[in-house]
Every structure is written in structure tokens, then in C-alpha cells.
Amino acid sequence: MRLQRVVGVGKSGDFVGHGGGLLESVFTGSIATYTPRAATSDRAGSLRPSMRLSHLLLPTEREPPSDAEALSHKLMVRAGLIRQVGSGLWTWMPAGWRIHRKVEQHIREEMDAIGAQELLMPVLTPAHLWKATGRYDSVGGELMRFQDRKGADMVLAMSHEETVTFHVAQLVRSYRQLPLQLYHFQIKERDEFRPRAGLLRTREFVMKDAYSFDRDPAGLDASYELQRAAYHRIFERCGLRFYECEADVGMMGGFGAHEFMAPCAAGENDVALAPGYAANVEVAAAEPQPVPPLRHDLAGELHTPGRTTVEAVARALEVHPGNLLKAFPVVTEGRGLVMILLRGDHRVNEVKLGTSLGEPFRPATAEELGGAGMVPGFLGPSAAVLTFHDAAIRPGRYVTGSGRADHHVVVEVEAGERIDVRTVEAGDTVAGHPIAIEPAIEIGNIFKLGTRYSEPLGATYLDAHGKAQPVVMGSYGIGPARVVAAAAEQYGDEHGIAWPRSIAPWDVELVAVGKAGTPERDAADALYAELTTSALDVLYDDRDAKPGEKFADAELLGAPLRLTLGKRSLRSGQLEAQRRRGREDVEGGVAMASAAATTEALWGELP
RNA sequence: CGGGGCGUGGCUCAGCCUGGUAGAGCGCCGCGUUUGGGACGCGGAGGUCGGCGGUUCGAAUCCGCCCGCCCCGACCA
């Protein structure tokens, strides 16, 4: 079962800041301290339970920052959750940090539940660890490097494989100590080329990174599966729409990876989706859409003056672009000039191409093509150059560049070896189902690392036969800030953010309509006091502001339930209640006499 | 790093072309009237106009260099 929620570190539900007299600073709320709370599966963490808005630093804005484009960026700044410090650098304001901490806590509880142990490793890291694994040189400008006052090379960790493996190398000696899983929440520093979209891509962010250490690949498979299942529970608890998909292993190295993607308009990854299938387009493979056969009357060499693009040639010859072969010349270190042929209507996927080639490549220059006797714009298969055909190229007749200017030629392509390097397109099929392509933000990933780090860092253990074996590792990351931003993307509307209840900064916002000293305000004060003893965390808007402003701020901040108490309530004995998701009024309201219990029940039914 | 855009009070912006006492709305402070969807009146506070240099009698405005921020691309977990 889940951990019991423990509350009670804080002093009370209220805080009266400086400036109040002695009498005023006697707290005005009830004693929320040490109130036992029922464990609820999608509740997270222990935070100061309730709060008066008049004492909260919540810098809401009527207008979004002029440079914001992504919905989450606009809304999170407007709602007073985050403020920018520099490019890709953000401060979490108090309300926003509550959300972040709730996400962290869901993650923490699920990591603990699979037996992972929390520790904390430093950001500042001696460079020799990164030199040992080769990443000091291989990673590039994203890794922040500098020297300390003694002149020692240092890095700011962008990930902690090196550090955690360093410890395991020292501390784990025996197979009896394995398997082992360690994790922490720590700042990562990545000097991104281009931070963007508020929190979606930043240069500094908190990451939960977990690492598994096993005796052998079968053990890794088991650990990986534990993490995979925990990830599903975490993102479900956070209320996100998400899917797991096949991923490229990228800079982490290793031999297996899945990404957890949250679909949203501002997402910077494209994901190919079909029933039972989800894959980053960087790895996605699908059946291409068929093209009609090439016109029979075309044959041999064709005069195509000035037609240097697929589109121009197809239009001039009145054929489908898929009847052409497109040539994509690249240069690799190991193989020199290489020609990649694709169907004319397809686009090369550079990540897939890199994976297929197994080495870095760059586009060939005009000079290099000229040196090989080729004319840009009229490229085609050439016996002189190593050539690969994309998997979508079926045997048949195609129009392709002839190798000399202003001429194309019809060629017969036969069956043969293929590599899959094209970008899949909406409408291609997987197992007969057409795929859709959707933008998404990566909120987590899991990698099978194998011995990529344990070998260079000497992380070995003695097996039952007394023989040294490298520890087999996995690595598992989640960016809580991206989880928060993804929720804002998915549940934001023109009024603000309708948080899933499990990560909302407060469970309920109580809006007092009526200024201080009125009977309705006194009633609201009393209700707040009562609610602070319930299982719910309440934000009490006790400001002397216009009702419209309070409602607008409540909708911006997005507590899943809003209670309103005003004169009407005193007359009717009913509070008004509105569910934030869909801005839907609770029919009949909530009886003041049993407000706490009813509100808890209502909250329990929210998404 | 390539292309584009922008930097004027806490926020959104005008003023710049055509040089001449720094403006508006919102927000903030005070007083009053208001009070169920971002009210109104009166009075206030707040800005080295991103920085440095140049031109000029005079620069937010013109010129040069630099810095910062955003978007697209490249790149990237």
C-alpha cells in the first residue's frame, strides 16, 4: 500500500506576515497541525496544507508576457507560478513550487515502492569521471565545463551516470549486493542551444534520475520492467494523458529505450501513433502509402531543363512524386561519400539515417559532388558511389537524376538490400492501421545502459564463482517541471489551468465575496477554519478585492474546486461550488452545515 | 551557429521615420464612493528609455560596437 500521508511539520494553516500587530499575529485560522489525514492514492506529499491568499506571493498577471507563445508558458506566468530569470532559467514561485513538489512526491512514492533508494549527489562534479567515460569530449557544448580555483577541470552535471557508477564501483563488491536501485532529485545543468517555451526546454531543471544495477542482462530486464511499470503509475497519478513509445538511445548510449510522451501542441517531438503502436518518428517504421506505377510511355533519358526538384520534375513529366527517386548525398568519416536513395515523396530522417549508418554523417557539399562527377539537382544512382536504397523503395521503374545536367532517366530498380531511413508520414500503416503523427513533450525516459558506464568506471562485482563481472545498468529519468508544464498544456484553457486534482497547488479555493467585517466574510473565515481541519488543502481568497477579480484569479490558478461564500450563501445556507475542469457548477451547491464532508466527497470525484 | 524580431516604470505598449521638458492603459500607494465576473472619482509613488562610445547646442529618437531576450532553423536528453 501507499505511504500514509503525514502532515504536521508546519505550524498552522495560517501565516500572518510582518506588519501586523501582536494581536493580529495570533493566528486566525484553526489548528491544522497534527491533523491525521486519510491516505488517498493520488494525493501527494506533505505541504503546508492551507493558506490565506492575502499572505501568498502570487504574482498573477492579466496579460501574458509578450514573448510567450506556448500555452503553458503564458498560463504559468500569468498564474504567478513561475518567473523568468534569464534565457532558460526560471524561478518557481510559491504556488508553482507546490505543484512541482506534488509531482516529485508522486514520483518518490512510486520509486520507493519498487525498492529504489533515494540519495543525493552533487551537481558540481570532478571532470575526471566524465573523462573516464569519454563523455567529457563526446557530449559537446551542452556540458558546462570550467576550472575551479586550483585549476582542476570540473563539470556541472547534466546527468549522474558517472557519479552514481563511481560510487557503485567503490561500494558494491559482491553479487549479494545486487540488484540495487538508487535515485535522486537533483538540478541538471544543460547549456541548451535554444531554450524555449517556458519550462518545456530549460538550461537548468530538477530531474528525478534513477539507476539500476544488476548482475546480468536478465536482471536489467527485470529492473527495467519495474521502472517501466512505475512510470505508468506515476504519470497516471499525475493525471496526464501520455504514452510510452519506442525511442532512439541518443547520447546516453546503451541498447534499448522508451520515452514517455505527453501529447500537447507545444511538444517538440513527433510521435507516430496507431492502435498498439507508439514510436518517436526518430525510430518509427511503417508501411509506406502506395504510389501508382510509372507511366509506361516514359523510358530512357528524359530532357528536364532546369528541373532540379522532385516537385518540378514530377509536374513536368506529369507523374506522381513517388515515381521518382530522390538522392541524398552524405559524407561519413568511415565511408566518405555515400548516396542515400529515397522515394521522391519521402523525407530522410537524419536520426534514423545516423542509426543505420552507425556513424556520424553530414550532407555532402557541392564541391564533393562535383569531385565525384555529379551535378546537384540531377543526382541519381551511380556505380562510382556507395549507394543505399530506403526500405520504402519497391522494385519497379522510377525516374531519377541521370548524373548530368538537365536530364533525368528512367531506371529499373530491383529487389535488394534496403535500409529504413525515411520519416514516416500520417496515413502510413502499421499492422494495417493507419498512423497519426502527433506533437508531444518528453516527460520521462528509460534506458538500458548495459555496461556502457560500469566498464570504464570499473564497476564490477564478484559473482558466485569469485569472478569479476561488470555491473549491468539502467537509467531512468523524469523531469517534474515538464510534467507540470505538460499538464498546463493539456488542461489549460482561455481562463487558466484546470489542474488534475493530484497535482493542483491547492485542492480547493474558497472565495469570500464581501469585504472584511461583513457577516459573509465572518462566515467565510469560519468556514476556512473548518476546512483546514478537513483532509483538503484550502487556499482562502480573503482579499478585499472585487469578486470578478477573485474568480478570474481562481480560474487562472486552477484549483480543481472553487467554493464561493457571499451574502447569498448566508440567505440560502448553501455555498456555490464550481469544478474547474469545464467550469461546471455543482448543482444545488454545498450545504454550509456539512461543507467539509461534502467538499471532500466532491473532491474525491474530480479528475 | 544561420535567418528574423525585440529591448521605454511590475505587466502590455505608444513615442523613434522627421532630434527639442519621457507618455498611456493595467497594476501599486492614499482618501472617498462602490461590491456576485477584472468598478469609479480625486490625489500620489515609480523610468540611468539594455550598456558603452560617437554625431549634435541638444539623443529614447541618428550612427557604431557590445549585451540581453524571443521566434524559426540547425543541434540536442
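The sequence lines fix the lettering, A, B, ..., with proteins before strands; numbering per chain opens at 1. The shown structure was predicted, so the numbers you read here are calculated from the model rather than taken from an experiment.
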Inset, instruction - For Leu58(A) and C28(B), give me the distance from atom CG to atom P, rounded to whole Å. - result: 13 Å
Give me, pair by pair, the N or O atoms of the protein and of nucleotides 70-75 of chain B that are less than 3.5 Å apart, along with how far apart they are.
from, atom 1, to, atom 2, distance (Å)
C70(B), OP1, Gln84(A), NE2, 3.0
C70(B), OP2, Ser87(A), OG, 2.7
C70(B), O2', Asp67(A), O, 3.4
C71(B), OP1, Ala197(A), N, 3.2
C72(B), OP2, Arg194(A), NH1, 2.9
C72(B), OP2, Arg194(A), NH2, 2.5
C75(B), OP1, Glu350(A), OE1, 3.2

Legend entry - C1'-based separation of A59(B) from G73(B) [nearest Å]: 37 Å
Legend entry - For C28(B), the Watson-Crick or wobble partner whose two distances fall under 3.5 Å: G44(B)
Inset, instruction - Would you name the heavy atoms of Ile497(A) and Met76(A) that are closest together and state the gap between them? - result: CD1-CG, 4.0 Å
Inset, instruction - Name the pairing partner of C62(B), where a pair is Watson-Crick or G-U wobble with both distances under 3.5 Å, or state none. - result: G54(B)
Inset, instruction - Determine, step by step, whether Phe242(A) and His232(A) satisfy the ring-ring contact (aromatic ring centres under 6.0 Å, His included) criterion, reporting the C-alpha distance in whole Å, the side-chain angles of both residues, the deciding distance to 0.1 Å, and the verdict. - result: CA-CA 9 Å; Phe242(A) 71 96; His232(A) 280 268; 5.6 Å; yes
Inset, instruction - Over all heavy atoms of both residues, which pair between Gly88(A) and Thr202(A) is shortest? Give the atoms and the distance, please. - result: O-CB, 3.3 Å
Legend entry - Nearest-Å distance once atom P is located in both G25(B) and A14(B): 16 Å
Inset, instruction - To the nearest 0.5 angstrom, please state how far the CD atom of Glu350(A) sits from the CZ atom of Arg347(A). - result: 10.0 Å
Legend entry - Over all atoms of both residues, closest heavy-atom pair of Val281(A) and Lys352(A): O-CD, 3.8 Å
Legend entry - 4.5 Å side-chain heavy-atom contact, Pro480(A) and Ile107(A): yes
Legend entry - Inter-nucleotide P distance (C42(B), U48(B)), Å rounded: 28 Å
Inset, instruction - Please work out if Arg543(A) contacts a base, only the sugar-phosphate, or nothing of the nucleic acid, heavy-atom cut-off 4.0 Å. - result: nothing
Legend entry - Under 3.5 Å on both distances, the Watson-Crick or G-U partner of A39(B): U33(B)
Legend entry - Gap between atoms CZ and C1', on Arg62(A) and C13(B) respectively (whole Å): 15 Å
Legend entry - Euclidean distance for P, G19(B) against A45(B) (whole angstrom): 32 Å
Legend entry - Quiz item: Lys515(A) side-chain donor-acceptor pair to U35(B) base, under 3.5 Å: yes
Inset, instruction - Give me the ring orientation class for Tyr528(A) and Tyr540(A): parallel if the planes are under 30° apart, tilted from 30 to 60°, perpendicular past 60°. - result: parallel
Inset, instruction - Would you indicate what Asp553(A) reaches in the nucleic acid, counting non-hydrogen atoms under 4.0 angstrom: base, sugar-phosphate, or nothing? - result: base
Legend entry - Pairwise P distance, U12(B) and G27(B) [rounded to whole Å]: 15 Å
Legend entry - Atom pair distance, as rounded to whole Å: CZ in Arg83(A) and C1' in G27(B): 11 Å
Inset, instruction - Using atom CZ of Arg78(A) as one end and atom C1' of C26(B) as the other, report the distance to the nearest whole Å. - result: 13 Å
Report each atom pair, protein N/O against N/O of nucleotides 43-51 of chain B, whose distance is under 3.5 angstrom.
none

Inset, instruction - Could you work out the separation of U55(B) and C13(B) based on their P atoms and round it to a whole Å? - result: 35 Å
Inset, instruction - Identify whether any heavy atom of Pro65(A) sits under 4.0 Å from a base atom; if not, whether one sits that close to sugar-phosphate; answer base, sugar-phosphate or nothing. - result: sugar-phosphate
Legend entry - Check: Glu555(A) side chain, G37(B) base, donor-acceptor under 3.5 Å: yes
Inset, instruction - Would you mind pulling out the nucleotide paired to C13(B), Watson-Crick or G-U wobble, both distances under 3.5 Å? - result: G23(B)
Inset, instruction - Please report the shortest heavy-atom distance between Thr451(A) and Pro456(A), naming the atom on each side. - result: O-CD, 3.9 Å
Inset, instruction - Could you tell me whether Lys567(A) contacts a base, only the sugar-phosphate backbone, or nothing, with contacts defined as non-hydrogen atoms closer than 4.0 Å? - result: base
Legend entry - Leu57(A) CG to G27(B) P, straight-line distance once rounded to whole Å: 18 Å
Legend entry - Partner nucleotide, any strand, of G7(B) [Watson-Crick/G-U, under 3.5 Å]: C67(B)
Inset, instruction - Please confirm whether the backbone N or O of Glu555(A) pairs with a side-chain atom of Arg580(A), one donor and one acceptor, at under 3.5 Å? - result: yes
Inset, instruction - Would you kindly give the CG-to-P distance between Asp544(A) and G30(B), to the nearest whole Å? - result: 12 Å
Inset, instruction - Could you say whether Ala545(A) or Glu63(A) is positioned toward the 5' end of RNA chain B, judged by the nucleotide with the nearest heavy atom to each? - result: Glu63(A)
Inset, instruction - Kindly confirm or rule out a cation-pi arrangement of Lys188(A) over Phe205(A), judged by NZ or CZ under 6.0 Å from the six-membered ring centre and within 45° of its axis? - result: no
Legend entry - Pro64(A) vs Arg562(A), nearer the 5' end of RNA chain B by closest nucleotide: Pro64(A)
Legend entry - Residue Arg145(A) excluded, over 12 heavy atoms near CZ under 6.0 Å: yes
Legend entry - Asp541(A) CG - G38(B) C1' separation (whole Å): 12 Å
Inset, instruction - Could you tell me which nucleotide pairs with C1(B) by Watson-Crick or G-U wobble geometry, both distances under 3.5 Å, or answer none if nothing does? - result: G73(B)
Legend entry - Atom pair distance, as rounded to whole Å: CD in Glu259(A) and P in C76(B): 14 Å
Inset, instruction - Using the C1' atom as the reference point in each nucleotide, state the distance between G15(B) and A22(B) in Å, no decimals. - result: 9 Å
Legend entry - Distance, C1' atom - from G50(B) to A60(B), rounded to whole angstrom: 12 Å
Inset, instruction - For ring-ring contact (aromatic ring centres under 6.0 Å, His included), just list the numbers for Phe260(A) and Tyr243(A), CA-CA rounded to whole Å, side-chain angles, deciding distance to a tenth of an Å, and then say yes or no. - result: CA-CA 6 Å; Phe260(A) 288 78; Tyr243(A) 34 75; 9.8 Å; no
